[in-house]
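Structure first, commentary second.
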Amino acid sequence: MPDSRFYRRAGPFRLTEIAARVSATLASPGPADLTISDIAPLAQAGAGDIVYVADVAYAQALSAGHCGACIVKAAWVDFAPKGAAVLVAADPRVAFAAVAAMFYPDVHAAPPAASPPQIATDAYVASTAVIGAGAVVGARSRVEDGAVIGPGVVIGTDCRISAHVSVSHALIGNGAIVYPGVRIGQDGFGYVPSPKGPLKVPQVGRVVIGDRVEIGANSTVDRGALEDTVIGNDTKIDNLVQIAHNVEIGRNCLIAAQVGISGSCRIGDGVIIGGQAGLADHVTVGKGAQIAAKTGIMRPVAPGEAVMGYPAKPIKQFWREIASVSRLTRRDK
Amino acid sequence: MPDSRFYRRAGPFRLTEIAARVSATLASPGPADLTISDIAPLAQAGAGDIVYVADVAYAQALSAGHCGACIVKAAWVDFAPKGAAVLVAADPRVAFAAVAAMFYPDVHAAPPAASPPQIATDAYVASTAVIGAGAVVGARSRVEDGAVIGPGVVIGTDCRISAHVSVSHALIGNGAIVYPGVRIGQDGFGYVPSPKGPLKVPQVGRVVIGDRVEIGANSTVDRGALEDTVIGNDTKIDNLVQIAHNVEIGRNCLIAAQVGISGSCRIGDGVIIGGQAGLADHVTVGKGAQIAAKTGIMRPVAPGEAVMGYPAKPIKQFWREIASVSRLTRRDK
Amino acid sequence: MPDSRFYRRAGPFRLTEIAARVSATLASPGPADLTISDIAPLAQAGAGDIVYVADVAYAQALSAGHCGACIVKAAWVDFAPKGAAVLVAADPRVAFAAVAAMFYPDVHAAPPAASPPQIATDAYVASTAVIGAGAVVGARSRVEDGAVIGPGVVIGTDCRISAHVSVSHALIGNGAIVYPGVRIGQDGFGYVPSPKGPLKVPQVGRVVIGDRVEIGANSTVDRGALEDTVIGNDTKIDNLVQIAHNVEIGRNCLIAAQVGISGSCRIGDGVIIGGQAGLADHVTVGKGAQIAAKTGIMRPVAPGEAVMGYPAKPIKQFWREIASVSRLTRRDK
């Protein structure tokens, strides 16, 4: 259920038509002429929505969920929730990408509502800034020279959107500071390997930014694929940081310059990440964890843990290993 | 003594009022009704200025210095210079951040002088560029499409400020080339941990860039907190480099792409830094040192030294350790 | 033979004049009054062009090549192709940089042809975008708010050039997506060490981008020095990636965020590069190779090889070494 402020939906489509278009097989037909009205993430799906499961790890969640239809591998058919129609595909991600493209054939087209922007009377918008249709700029907020705010974007009160920032497909809370050159809301690096080469997955999520968040110069925050990219209240992000699609960052985090956070990472409250650290995709970092500069995270980090190195390890172990290698080398001479 | 071209100062304030507002205790009253007119770094402070010491390592400098008042921890009271009033605070950085916010309540407000910009008759300014009040563009300099030059900024002669650059709170020498998308002068990542979460420290310094400096596309240079961020003559900086607040870089340095230099680093003349290297804050790198690509610097680097690795070590030792680990692994098989 | 759409050439010059201006010695005079009309890379040079050899490894290619004149070290005189005039210089790179500056004294000046841009009738160009003289925007392409397209740039059909992008000295194929804040075509980090400090080498190449290429937000692609920077069809590049001058990337590559590729690297088709990996200059990566995140590449990578670490090694060896060090450290306790 992508946000209609940002995306124009096609359809509805009959399930039989969807199956034919995406080369999937109807394993369980459901109602004779089931009609699907939208795509959705499983957690938010309703009776008219189609969802997918890409990994057996999520299949159990599927069985406890609710949806109109689901796309699965043949081996996972039994995990489908009761009453849902089931489409079987060799690669559910590839099939779902095709379904998403049916419902959202041009994610770059502006949404239909061509209402004028709503700019608070005491907000400041530079004459060289551009504010899209239906966008909202809250009280006392500043949109500085050359900034480009896309259609439907919501900016809260007391924000500063600096020069040359671009924002699309995003909701920004109150008191946020977005430094010059930041890029928020572009579609992320979403490709599924397919027999014909990388297949682009339509990205129909949003960026949701909390209150008093700060994002440093020339950082980039991609919007979610289907769910949202989220940055919690009071989190501060330095310059040239990359935040990929579907990342969720908690409150009160400090993220230093040139950090890279890959897709779908979950970062708890109060986490501190040193400069140039990198996180592989789908990694979870617990509340209050500390990640040293230049660290490479490939596995979950427990709450309160302090890690360093590549691959990351507890910080004391890192320094012990450094000492061991140094001793070894002196013996080798 | 922040530059009045860029910052509008409030005050003066009585010391007793300052003490009350920032929850500090007056250890030594000084003149009965001492009035403080500004904040300053210790090296530049005069009789009307208030300074602070955050680390016992700097306390000795304090005793040899000069100021109207100083903020210290209780244990450091005796380091205060003769005749200065002394404020005692549990965390002098937190207290000073509050004092800075008294004198500079809105660092983002334009300074009072609304004089028109001064643009040399043979300078070129694109029609889509924006030049702030009181800014100076020197002879034969070019300000290209969409560039935004803030109030009071000084650009020397024969400079090229490329498309989409933003510059604020900065003085740029002659013959400098600033490539597209560079961000100069935004306030840095200045937070002090406090019981209420990260506390933002007003950043009231500048960026001072020498002659013939080049700064590569989409690089970021934050302005100083209280002192200046400085880049020396003839230094060349590649793309996507981060230079944090208060960094001082010497002359004739070469800094490759995606390097990150943390706050308050001091880099000597002729230093060469390879791509994606990172420097922790407050590190000193001696004249002529060479830092290999991807190196992580956490300790001082001596003049002329060549280092590599994370943590950085002499380059020969780095390669010996690589060989030792490789041999060890073959034995382990 | 730099592209006349982008560069305005001076000259021709007599070889004797060139020799005098760049402090080179005429080892073999050639025709009494030889006139040189341009600089060129060896592979493209004709009878009127001057070339250079900077490394003995390329001297053999020289002997099999064709040119009007060549600049070499004294020891390499015999490698000059038959009939070519030979200039001897202590440092051929420094001498050639000076020759390049004779022919292209101001690489930043717009080329002479002041023809209007050609914008397809069904292309969209935002009112705040800037399109240079002689530039071409193909059918159905979009140039969004604030984008700056330089003189002579060619953009194919069905492209999206997002907000705040700057493009110069570049040819872009069909169906390309360039995300917000990308910098394409600025001159690269081209300095030759000389007795007087770093000497800037005029960069007179181009950027040539294939069909359906995508380049992520705030990434930077420098133009070639003499030859071109090339990105092959269907290659996808994530955010904040640095691509230096003369890099050649094949087709169907996936390059994750914050990767840095140094000058003159050659990357084969189908290569996958993980986030924050870095490649030293002049490295070759074979077709289908996979480079893990954060890896540092200093040597060639064979086709199909999977490497990880710094320095890079086969991925299995990387993990064996990690395990060996961990065991060693446990024994040391």
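Worth knowing before you read on, the calculation uses all heavy atoms, side chains too, and leaves out hydrogens, waters and symmetry mates. Given the structure is predicted, the values throughout are model-derived calculations rather than measurements. Chain identifiers are assigned alphabetically (A, B, ...) following the order of the sequence lines, protein sequences preceding nucleic acid strands; residue numbering begins at 1 within each chain.
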Quiz item: Have B/Y191 and A/E214 got a donor and an acceptor in their side chains that come within less than 3.5 Å?
Solution: yes
Quiz item: At what distance, to the nearest 0.5 angstrom, does CZ of B/R320 lie from NZ of B/K313?
Solution: 11.0 Å
Quiz prompt | chain B contact via A/I237 - which portion, at a heavy-atom distance below 4.5 Å | solution = backbone
Quiz item: Hey, are the side chains of A/F189 and A/Q242 touching, using non-hydrogen atoms and a 4.5 Å cut-off?
Solution: no
Exercise. Considering only NZ, NE, NH1 and NH2 on the basic side and carboxylate oxygens on the acidic side, decide whether A/D234 and A/R212 come within less than 4.0 Å.
Key: yes
Practice problem: Go through the atoms of B/A277 and report whether side chain, backbone, both or neither lie under 4.5 Å from a heavy atom of chain A. | Solution: backbone
Self-check item: Between A/T128, A/V325, A/L240, A/I177, the one whose heavy-atom pairs under 4.5 Å with chain B are most numerous
Solution: A/L240
Self-check item: B/V148 versus chain A, the contacting section by heavy-atom distance below 4.5 Å
Solution: both
Exercise. With rounding to the nearest 0.5 Å, note down the distance linking OG in B/S324 to CH2 in B/W319.
Key: 13.5 Å
Practice problem: Residue by residue, scan residues 285-306 of chain A and write down, ordered by number, those that have a heavy-atom distance under 4.5 Å to chain B; if none do, write 'none'. | Solution: A/A292, A/A293, A/K294, A/T295
Quiz prompt | All pairs passing salt bridge (charged side-chain N to carboxylate O under 4.0 Å, His left out) where residues 170-185 of chain A contributes a residue, at least two apart | solution = none
Exercise. Considering only heavy atoms, give the residues of residues 157-175 of chain A separated from chain B by less than 4.5 Å, sorted numerically, with 'none' for an empty result.
Key: A/R160, A/A163, A/H164
Exercise. Please name the pair of heavy atoms, one in A/V125 and one in A/A129, separated by the smallest distance, quoted to 0.1 Å.
Key: CG1-CB, 4.0 Å
Exercise. Would you kindly say whether A/Y179 and B/D187 are connected by a side-chain donor-acceptor distance under 3.5 Å?
Key: yes
Exercise. Identify the two heavy atoms, one from B/G224 and one from B/T229, that lie closest to each other, and give their separation to 0.1 Å.
Key: N-OG1, 3.2 Å
Quiz item: B/Y310 and A/F318: aromatic ring centres closer than 6.0 Å?
Solution: yes
Exercise. Please say which of B/I255, B/I243, B/T220, B/I209 ends up in a side chain to side chain contact (heavy atoms under 4.5 Å, CB included) with B/I215.
Key: B/I209
Self-check item: Residues from residues 265-276 of chain A approaching chain B under 4.5 Å (heavy atoms)
Solution: A/Q276
Exercise. Working to the nearest 0.5 Å, report the span between OG of B/S262 and CD of A/Q258.
Key: 9.0 Å
Quiz item: CG/A/D145 to CD1/B/I149 distance, rounded to the nearest 0.5 angstrom?
Solution: 10.5 Å
Exercise. Drop me the distance from A/E321's CD to A/S326's OG, to the nearest 0.5 angstrom.
Key: 13.5 Å
Quiz item: How long is the span from the OG1 atom in B/T284 to the CD atom in B/E248, to the nearest 0.5 Å?
Solution: 10.0 Å
